[in-house]
Protein chains: 2
Amino acid sequence: MANRRASITDLAKTLGLSPSTISRALSDHADVSEATKARVRQLAEEMHYQPNQLAAALRRGRSNTLGVLVPHITGHFFPLVVNGIATEAAKLGFNVMICQSNEDARQEQKNIDLLMNSQVEGILVSLANTTQSFGHFEAVRQQNIPLVFFDRMVEDFEGSNVSAVVIDDYQGAYQVVTHLIEQGCTRIAHFTGPLHLSIHKNRHQGYLDALVAHGLPIAPELTVHCEMNQKGGQTAMRQLLRLPAAQRPDGVFSSNDLAAVGALQAVKAHRLRVPKDVAIVGFSNEVFTALTEPMLSSVDQRCEQMGKTAVQLLQKMLKSGPNRVGPPKPIVLKPKLLVRESSQRR
Amino acid sequence: MANRRASITDLAKTLGLSPSTISRALSDHADVSEATKARVRQLAEEMHYQPNQLAAALRRGRSNTLGVLVPHITGHFFPLVVNGIATEAAKLGFNVMICQSNEDARQEQKNIDLLMNSQVEGILVSLANTTQSFGHFEAVRQQNIPLVFFDRMVEDFEGSNVSAVVIDDYQGAYQVVTHLIEQGCTRIAHFTGPLHLSIHKNRHQGYLDALVAHGLPIAPELTVHCEMNQKGGQTAMRQLLRLPAAQRPDGVFSSNDLAAVGALQAVKAHRLRVPKDVAIVGFSNEVFTALTEPMLSSVDQRCEQMGKTAVQLLQKMLKSGPNRVGPPKPIVLKPKLLVRESSQRR
DNA sequence: CTGAAAGCGCTAACAA
DNA sequence: TTGTTAGCGCTTTCAG
C-alpha cells in the first residue's frame, strides 16, 4: 500500500548492475551497450520507474525550471502571456513554475523567495502595481539569476543579468489616432485612466503626438479622465455628446476596451451611428470586442508573442552568461491595430 | 561573479556552529536558544541565505507541492479555477506547479510524468478532451499519489486515492428552464452542442426534464444543434424566427454564452424585444454577458469554488491516507443562476 | 563497457 | 542546548 517509488538503486539491484550504469543507460549515454540499455529500459517500464527530478537537480545544480510571477492569472492579458511563456519554455525543454502576486507587493516578495528556493534557473516577472520598492529583487541580482521583466518593469533597475520586454503603448495609440484621422475624423476624444500608470500615460502621449503630427488641434475638453470600465465609458461619452454640435467628437480612442463598449452603447442610445457619426477604437483586443454591434476596433497587444520573446531572452542570458552592465534596454513589441466595424467608414 | 548561494554549511562555518543547529534555528525549533537563533537569523539575512527546497524536499521525502494540469490556461473557465486552486493551496501552505495539456492526450501524458518526477504530493487534473485512454494515470494510482479530477473526469476510474469535483450542469439547466417558465415562457428553445460531450448532454437533459416537470410539451424542433459560437447562435435563432408565429419560441436557453449573444443579436435584428418577446439565458457567466444590451442572464459555474474544493479534497486525502475502494463519488457543486435583463420580465 | 565512491544541501535520529 | 552521523536519489569523476 505504502508503495515506495522505484529508484535507480532498486533497478540496479534487480538487474545486478551498478547505479551508475543504470543512470547512464537511462540517459542514453554512448558508453553503455545497447543490450544493457534495452534491459534497463524494459525493467524501468515494468517497475513504473520515475526519475526523481529533485535529486537530479540537486546533484546537477540545475533545476531546468523557470519561474513565472504574474499579478494575477485571470483576466485577458496575463493568461495569454503565460500561455506564450509556457509554450516556448516547453519547446526549449524547461519546466515552468507559475505564481501570482495578486497585485500585492508582499506576496510578490514571498513568491520571489519561493522561486529562488525552488532553484529556478531564471525568473520572468510582471510587477504587482502596488510594488514600490525592489528589495526583493536584490537577492535575485546577488545570485545572478537571470531576470526578465515583461509588461510591467522596474524602469531603473540596474543589473548585468536583467532584461525586459514590453509593448509599445505609445505606438499603439499613435496608430489608432492616425487611423481615425484617415477615416475622416477631425475631433477625436480620448478616454484615459490615471496618468501615473505608464500604460495610460504613454497612450495619452501617443494620442497627443498623433494629433499634432497630422495638424489637428489639441482640445483639452476631449481628453476625458474616467473609470476605465463600461459605466465610466458611458458616462464620459454622454458628457461629450452634450457638448455643442461643433465641439462634439466624431471619433473616440479609449485607453481600454471596456470603456469603449460603454462609449459605443452611449452613442447608440443617443440615436447616433457608429462609425458614421462617431468612430470608436478601444485598446487590448479583449474577447468581447468581436461581439459588439458594430464590432469594436482595438489594438492587439501580442500577448503570446510577449511571453515567447521573454523566454527567448531568458534563454539567451542563460547561455551567454552575464555580460552587460547598466540598466537593460527593453525589447519593445509593436502592437497591432485591428480595424473592425466601429471605425471603418467605407 | 559566479556567486554560489550561501548554504547551511556556510552559515555553520561562519558561526562556528554545526549545520544541525543552523537548520534547527532557521526552522525555529524549540531546542535552540534564543540567542543562537538571533545570531543565525541575522547572518542568514546578511548572507542572503535562501534555503534549498530541492534538498529539503529530497531529504524529507515531501515536496510540499501540488501539481495542476489543465487543458489550457486561457479562456474564461480554467484561469478562474486555477486561481481558486492557487489561492487555497497557498492558504494551506502548498506550492503549486501548473501545466497545460493543450487539449492533447500526448501532452497530458508527458505532463503527468513531469509532475510525478517533480515529486508532487498530489495532482489536480482536468482532462484534455482528446483523452481516451487512461494509462498515464496508472503510475499515479500505483504510487498512491492522491488524484483529484475537476470539471472533466474519468467516469469509471477506480482507485482508493482518487476523487473528483464537478459542476451540476443538469441542475443548472433545470434552474434556467424553470426560471424561464416562471417568467411566462411556454415555448422554450434550447441551443446545444454535440451531445456526446457530457456538459451538453447534461444541460439538454435538464432542459427536457424541467419542461416535463412543469407540464410543458417537448417540441423537437425547439432543440437546435448548432455551432456554439456567436455566428452559430445567430443562425439558429434566425431559423427559429422563420417558424410560423404559433411555433416560434418565446424563450431560449443556450448551452453557452457565445451562442446566446448570437441569439440576442438575431432577435434584435428581427425587431423583436428581449426579454419581452423572447427571453434569453446563456451558460457560463462569461465576462461579456454583463456587456450586452440587454445584459445576458447566465449560469455561474463557481469556478473559484471548484478550485478551492478540489484542493480541500486533496488535502483531506493527504491527511487521512488511502481508505476508500471503488470509483469515487464526485463532489457536485450547485451552479448559480444569475438573472439579468435578458430574461427578467417584470 | 561497467563499477566504486563521493557529494549536491538538507534534516533527523541519536548521542553528548 | 548543541554536535555527530547518516542518507534522501541522483550524477559524475576516476578507476578498472
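Source: prediction; values computed, not measured. The figures here come from the full heavy-atom set of this structure, side chains too, leaving out hydrogens, waters and symmetry mates. Chain identifiers are assigned alphabetically (A, B, ...) following the order of the sequence lines, protein sequences preceding nucleic acid strands; residue numbering begins at 1 within each chain.
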Engineer: When you get a sec, tell me which of D/dG9, C/dC10, D/dT11 is the closest nucleotide to the side chain of A/Ser7?
Structural biologist: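 Closest nucleotide to the A/Ser7 side chain: D/dG9.
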Engineer: Applying salt bridge (Lys or Arg N to Asp or Glu O under 4.0 Å), name anything that partners A/Glu138, two or more places apart in sequence or on another chain.
Structural biologist: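 So A/Glu138 forms a salt bridge (Lys or Arg N to Asp or Glu O under 4.0 Å) with A/Arg141.
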Engineer: Which residues satisfy the side chain to side chain contact (heavy atoms under 4.5 Å, CB included) test with A/Asp28, sequence neighbours excluded?
Structural biologist: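 In terms of side chain to side chain contact (heavy atoms under 4.5 Å, CB included), with neighbours along the sequence ignored, A/Asp28 is linked to A/Lys37, A/Arg41.
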Engineer: How would you list, by chain and number, every residue that makes a side chain to side chain contact (heavy atoms under 4.5 Å, CB included) with A/Leu58, sequence neighbours excluded?
Structural biologist: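 Residues passing side chain to side chain contact (heavy atoms under 4.5 Å, CB included) with A/Leu58: B/Asn52, B/Ala55, B/Leu58.
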Engineer: Could you state the CD1-P distance from B/Ile8 to D/dA6, rounded to the nearest angstrom?
Structural biologist: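 Nearest whole value for this atom pair: 19 Å.
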Engineer: Tell me every residue that passes side chain to side chain donor-acceptor pair (under 3.5 Å) with B/Ser18, counting only those two or more places apart in sequence or in another chain.
Structural biologist: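 For B/Ser18 the side chain to side chain donor-acceptor pair (under 3.5 Å) partners, ignoring immediate neighbours, are B/Ser20, B/Thr21.
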Engineer: Only pairs at least two apart or in different chains count here, so list each side chain to side chain donor-acceptor pair (under 3.5 Å) that has a residue in residues 69-83 of chain A.
Structural biologist: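 Every side chain to side chain donor-acceptor pair (under 3.5 Å) pair that includes a residue of residues 69-83 of chain A, provided the two are not neighbours, is A/His72-A/Glu103, A/Asn83-B/Gln100.
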Engineer: Tell me the interatomic distance from A/Asn64, atom CG, to D/dT11, atom P, rounded to whole angstroms.
Structural biologist: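 So the two atoms are 12 Å apart, to the nearest Å.
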Engineer: For A/Lys13 and C/dG3, what is the distance between atoms NZ and P respectively, to the nearest whole Å?
Structural biologist: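 Distance check: A/Lys13 NZ to C/dG3 P gives 15 Å.
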Engineer: Of the residues in residues 47-63 of chain A, which ones touch DNA chain D at a heavy-atom distance under 4.0 Å?
Structural biologist: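 Within this stretch, A/Tyr49, A/Pro51, A/Asn52, A/Ala55, A/Ala56, A/Arg59, A/Arg60 sit under 4.0 Å of the strand.
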Engineer: Restricting to salt bridge (Lys or Arg N to Asp or Glu O under 4.0 Å), what partner residues turn up for B/Arg62, sequence neighbours left out?
Structural biologist: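 Per chain and number, B/Arg62 pairs via salt bridge (Lys or Arg N to Asp or Glu O under 4.0 Å) with B/Glu121.
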Engineer: Identify every side-chain donor-acceptor pair in residues 306-313 of chain A under 3.5 Å, counting partners at least two apart or on other chains, and give the distances.
Structural biologist:
from: A/Thr309; atom 1: OG1; to: A/Gln305; atom 2: O; distance (Å): 2.8
from: A/Thr309; atom 1: OG1; to: A/Gln305; atom 2: NE2; distance (Å): 3.0
from: A/Gln312; atom 1: NE2; to: A/Glu88; atom 2: OE2; distance (Å): 3.2

Engineer: Between atom CG in A/Asn117 and atom C1' in C/dG9, what is the gap in whole Å?
Structural biologist: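 After rounding, the gap between these two atoms is 13 Å.
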Engineer: Rounded off to whole Å, could you give me the CG-to-C1' distance for the B/Leu11 and C/dC10 pair?
Structural biologist: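 Distance check: B/Leu11 CG to C/dC10 C1' gives 12 Å.
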Engineer: Flag the pair A/Thr36 / A/Leu17 as yes when at least one side-chain heavy-atom distance between them is below 4.5 Å, and no otherwise.
Structural biologist: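 In contact.
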Engineer: Using heavy atoms and a sub-4.0 Å distance, could you list which residues of residues 21-38 of chain A are near DNA chain C? By number, please.
Structural biologist: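 Output list: A/Thr21, A/Arg24, A/Asp31, A/Val32, A/Ser33, A/Thr36.
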Engineer: Rounding to an integer number of Å, can you tell me how far B/Gln119 CD sits from C/dG9 P?
Structural biologist: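 Whole-Å distance recorded here is 19 Å.
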